[in-house]
Amino acid sequence: MSSQYLKYLNGELHFGTGAKSLKLRDFAKDQQGPVYLYNADLIRSRVRQMQKALPNVKMYYAMKANSFPGIMQLLKAEGVGADVVSGGEIHRALESGYQGRDIIYSGVGKTKREIQLAIGKNIAQINVESMPELLRIAEIAKAQKARVPISLRLNPDIEIKTHKYIATGLKDNKFGMELSLLPQLIETLKAHQDHLTLEGISLHLGSQMLEFEPFREALQKLVPVYQKLQSEFSSVQKFDFGGGLGIFYEEQNLDKESELLQQYADVALSELKNLKAELQCEPGRWLVAHAGVLLSQVQYIKKTSHKNFIILDTGMHHLLRPALYGSFHQIHPLKESDQFFDADVVGPICESADFLAQNRKMMQVSADDFVAIADAGAYGYSMQSQYNLQEGAREVLI
Ligand SMILES: *Cc1c(COP(=O)(O)O)cnc(C)c1O
């Protein structure tokens, strides 16, 4: 695949690779309001690339990254399962053609109703995040006369280099269970073995991982735990090493990302190769981030004595990442220019955190022009809010 998925051809921004790339201005001029445009070919090629790098690893897509039905259907057709974190996501996955057996269910706050739903739909595996949750699942399973397949999400207390809001494998985080809980977990599982089947363990260190030594360390910490559980429960057969593989937002560099994928796969496969286990993973961002752009129309160019503001019809209500994490997204006008100016790119929301870029060297744009916000396919629309009663963005898959 060519390593450019957003590029100017004859002065016009095109999205996609090869001959099928789309001239974005032709698309944008017919749109009413901001729209997320997703490229199916890009997603498909990412899935296949990851499947190739992780042969014999069952992929469960973390659908909180992007749960657009067309994308869910595409991933289902590629043989990918779903990793859900709410009853709403269970419903969306089922509506998109998934069966309970294609779905695993993570998250720290599963309510009784959500657990009843998961059990009723024969979800393949519930990743349990605390002792009280384990007891709640056992109680509901007993009441529903069911036997529920579960996995223990373990927190290895390992720090990865990422934004602190998206690190999840540290003892300060609410996610997973600490290893010292193991004896109690074993005891509890044995007491409820008529209703709970321990299938394995799961791990998710956090998101936007670009270095893998901490990941290796976490796997090394969990391998003996897995073996111990396997010696206690013959049903243990699954090792889920989570998601979190990062991408580059500041540059388009798919070749370098392929190298990262290879490093990540090497760590996982080499550390887990001697286990008697079916391996699972839960990628989100890596599969879909590059495959989405958020198209928006410039409303005003506002100049103050200090700054220039490019005011768009989109903002933190559609794409929260810059406001929440200070994340970087490239922003390209659909029409190329050789002029540049420094500006903040902001939205209409009544919050000073409502920015998409700060102090950015921007290609020249004027009011009414369209811009494309790059790499918005993951954690974009799915984090949308209706703050200020602004209308939502729309979504289109091509
Ligand atoms: C969010 C999440 C993922 C996916 O993370 P990415 O960084 O998007 O790959 C995987 N597993 C769990 C439990 C998650 O919460």
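Order of appearance sets the numbers: ligands from 1, and atoms from 1 within every ligand. Throughout, residue positions are numbered sequentially from 1 according to the sequence presented.
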Main-chain N/O of [Y] paired to [X] side chain as donor or acceptor, under 3.5 Å:
| X | Y | answer |
| --- | --- | --- |
| Q230 | V236 | yes |
| D369 | S366 | yes |
| H14 | E12 | yes |

Check: of E282, Q208, M209, min heavy-atom distance to atom 11 (N) of ligand 1 comes from E282
Close-contact set for ligand 1 against [X] heavy atoms, below 4.0 Å:
| X | value |
| --- | --- |
| D83 | 10 (C), 11 (N), 12 (C), 13 (C) |
| A62 | 3 (C), 4 (C), 10 (C) |
| R285 | 6 (P), 8 (O), 9 (O) |

Is it true that [X] lies under 4.0 Å from ligand 1, counting heavy atoms only?
| X | result |
| --- | --- |
| G244 | yes |
| Y379 | yes |
| R153 | yes |

Could you tell me whether E89 and K64 have a side-chain N and a carboxylate O separated by less than 4.0 Å?
no
Nearest heavy-atom neighbours spanning S21 and L9
OG-CD1, 4.2 Å
Do you know which two heavy atoms are closest between K335 and M363, and how far apart they sit?
O-SD, 4.1 Å
Answer with yes or no whether the side chains of N66 and S382 bring together a donor and an acceptor at under 3.5 Å.
no
Test item: side-chain donor near acceptor, H290 and Y5, under 3.5 Å
yes
Which residue owns the protein heavy atom closest to atom 1 (C) of ligand 1, what's the atom, and how far is it?
K64 NZ, 1.2 Å
Do any nitrogen or oxygen atoms of [X] lie less than 3.5 angstrom from nitrogen or oxygen atoms of ligand 1?
| X | answer |
| --- | --- |
| G284 | yes |
| S106 | no |
| S207 | yes |

Would the Y249 and F328 ring centres measure less than 6.0 Å apart?
no
Mode of H204 contact toward ligand 1 - side chain, backbone, both, neither (heavy atoms, under 4.0 Å):
side chain
For ligand 1, note which part of T168 has a heavy atom under 4.0 Å away: side chain, backbone, both or neither.
neither
